[in-house]
Amino acid sequence: MPELPEVETIKRDLNKSIKGKKILEILYCDTKNLIKEPSFKEFEREIKNKEIKEIKRRAKNLLFYLSSDKVLLIHLKLTGHLLLVDSKYKIKNSKWTGDNLPEELKDPRNQFIHLSFLLSDGNQLALSDLRKFAAIRLIDKESLANYLSEYGPEPLEKDFTFEKFKEAIKNRKGPIKKILMDQSVIAGIGNIYSDEILFESGILPARDVKDLSEKELKRIYNSISNVLKKAIKLRGESISDFRDIKGRLGRFDRERFVYRREGKPCKKCGTIIERIKIGGRSAHFCPKCQK
DNA sequence: TGCAGTGTTGCTTC
DNA sequence: CGAAGCAACACTGC
């Protein structure tokens, strides 16, 4: 699932490859309701011949700043990812077709194409999304700040100090895992990394945030940046659908300690990893390493 | 075989 | 008001 490290990986790759290129046209679109605003017709008109000035990330959103007063905002949700592909490869019925397809494009996870933009360098930027939950918007720069205003602080920004972390969780109650995944508290953490962060900090996911000591909070604070930075270095996780813009897998999976390891031995102490439900989601933990 | 599980967000319901 | 449940969609695993 694209959480902060996956979206950050995409952002960095795109800034190296398509910054300064123009979006010439929409090559393919089979699900117009991916575009949430404006209407498809207006979207198509507004996006044509616009240069991509820069790509940024806020929470799990990708922000394409265009050479107009508009920003293209893409949220990949559960199974979406972007692919940068030579435009000589064609799409038919959501699948790549033709001879000599690169191996990466044959990966079934890269075969759910619903939208593709032709770029001025001869490449196409395509969205693959098995569950079609991804959401795309084209909004004014002025409206952008408002649109993003509900998000909490970015955990990897320099100004995300321990004091700021404590401020963000002040007056909150409930399981720490749920708080970490709340985008209005901290931006960008989802189910996988909240489990991994809590394992590294040695804190049980069900612990109530208001009962955590200063020391325990400090451990969680440190683990947030440790785990996220490590995941970015490994170019994200690909347990499920995430692929990078070349269609390649991330390597965080093998560094996982708890997520989706129910019934398997803890890599640190050998105790069997358990799974419980917290806020309707799976939480994985080691009952010995985490207190 | 069929149905619960999978995760993110936003909307609806209580 | 906040918390909980569910829908959006499609595939996997039991």
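The sequence lines fix the lettering, A, B, ..., with proteins before strands; numbering per chain opens at 1.
Atom CD in A:Glu196 sits about 16 Å away from atom C1' in B:dG7, given to the nearest Å. Atom pair A:Asn171:CG and C:dA3:P shows a separation of 12 Å (rounding to whole Å applied). Here the C1' atom of nucleotide C:dA8 and the CG atom of A:Asp129 are 11 Å apart, to the nearest Å. The interatomic distance linking A:Leu130 (CG) with C:dA10 (P) rounds to 8 Å, in whole Å.
Rounded to whole Å, the separation between the P atoms of C:dC6 and B:dA4 comes to 12 Å. Nucleotides C:dC1 and B:dT9 are separated by 23 Å at their P atoms, to the nearest Å. Distance check on atom P: C:dA7 versus B:dC3 gives 15 Å, rounded to whole Å. Nucleotides C:dG5 and B:dT6 have their P atoms positioned 15 Å apart, rounded to a whole Å. Between the P atoms of C:dC11 and B:dG10, the separation comes to 25 Å (whole Å).
Among the protein residues, A:Lys36 comes within range of no part of the nucleic acid, since none of its heavy atoms lies under 4.0 Å from any strand. Heavy atoms of A:Ser282 sit under 4.0 angstrom from primed sugar atoms or phosphate atoms, though from no base atom.
Taking the ring centroids of A:Phe160 and A:Tyr221, they lie under the 6.0 Å cut-off. Between A:Phe199 and A:Tyr193, a ring centre-to-centre spacing not shorter than 6.0 Å is recorded.
Map A:Arg131 and A:Lys173 each onto its nearest nucleotide of DNA chain C; the residue landing nearer the 5' end is A:Lys173. Nearest-nucleotide positions on DNA chain B place A:Arg260 closer to the 5' end than the other of A:Ala59 and A:Arg260.
Closest to the side chain of A:Arg275, out of B:dT9, B:dT6, B:dG7, is B:dT6. Closest to the side chain of A:Tyr147, out of B:dG10, B:dT6, B:dT9, is B:dG10. Distances from the side chain of A:Lys60 to the nucleotides B:dG7, C:dC11, B:dT9 place B:dT9 closest. Here B:dG7 is the nucleotide among B:dG7, B:dT6, C:dA4 with the atom lying nearest to any side-chain atom of A:Leu78. Minimum atom distance to the side chain of A:Glu3 is reached by B:dT8, of the listed B:dT8, C:dA10, B:dT6. Side-chain proximity of A:Arg109 to the nucleotides C:dT12, C:dA10, B:dT8 is greatest for C:dT12. When each of C:dA8, B:dG7, C:dA4 is scored by its nearest atom to the side-chain atoms of A:Phe133, the top-ranked nucleotide is C:dA8. Nearest nucleotide to the A:Tyr259 side chain, out of B:dT6, C:dA10, B:dT8: B:dT6.
A:Asp107 and A:Arg243 are joined by a salt bridge, as a carboxylate oxygen and a charged side-chain nitrogen come within less than 4.0 angstrom of each other. Salt bridge status for A:Arg57 with A:Glu8: present, with a side-chain N to carboxylate O gap under 4.0 Å. Salt-bridge check for A:Arg260 with A:Asp195: failed, with every basic side-chain N at 4.0 Å or more from each acidic carboxylate O.
In this model, a donor atom of one side chain and an acceptor atom of the other lie less than 3.5 Å apart for A:Gln124 and A:Ser116.
At the phosphate of B:dT8, OP1 or OP2 sits under 4.0 Å from a side-chain N or O atom of A:Arg281. For the OP1/OP2 pair of B:dT6 and a distance below 4.0 Å, the side-chain nitrogens and oxygens of A:Lys277 include at least one atom meeting the criterion. An OP1 or OP2 oxygen of C:dA8 is reached within less than 4.0 angstrom by no side-chain nitrogen or oxygen of A:Lys132. For B:dT8, neither phosphate oxygen OP1 nor OP2 lies less than 4.0 angstrom from any side-chain nitrogen or oxygen of A:His75.
Syn is the conformation of B:dG7, whose glycosidic angle sits no further than 90° from 0.
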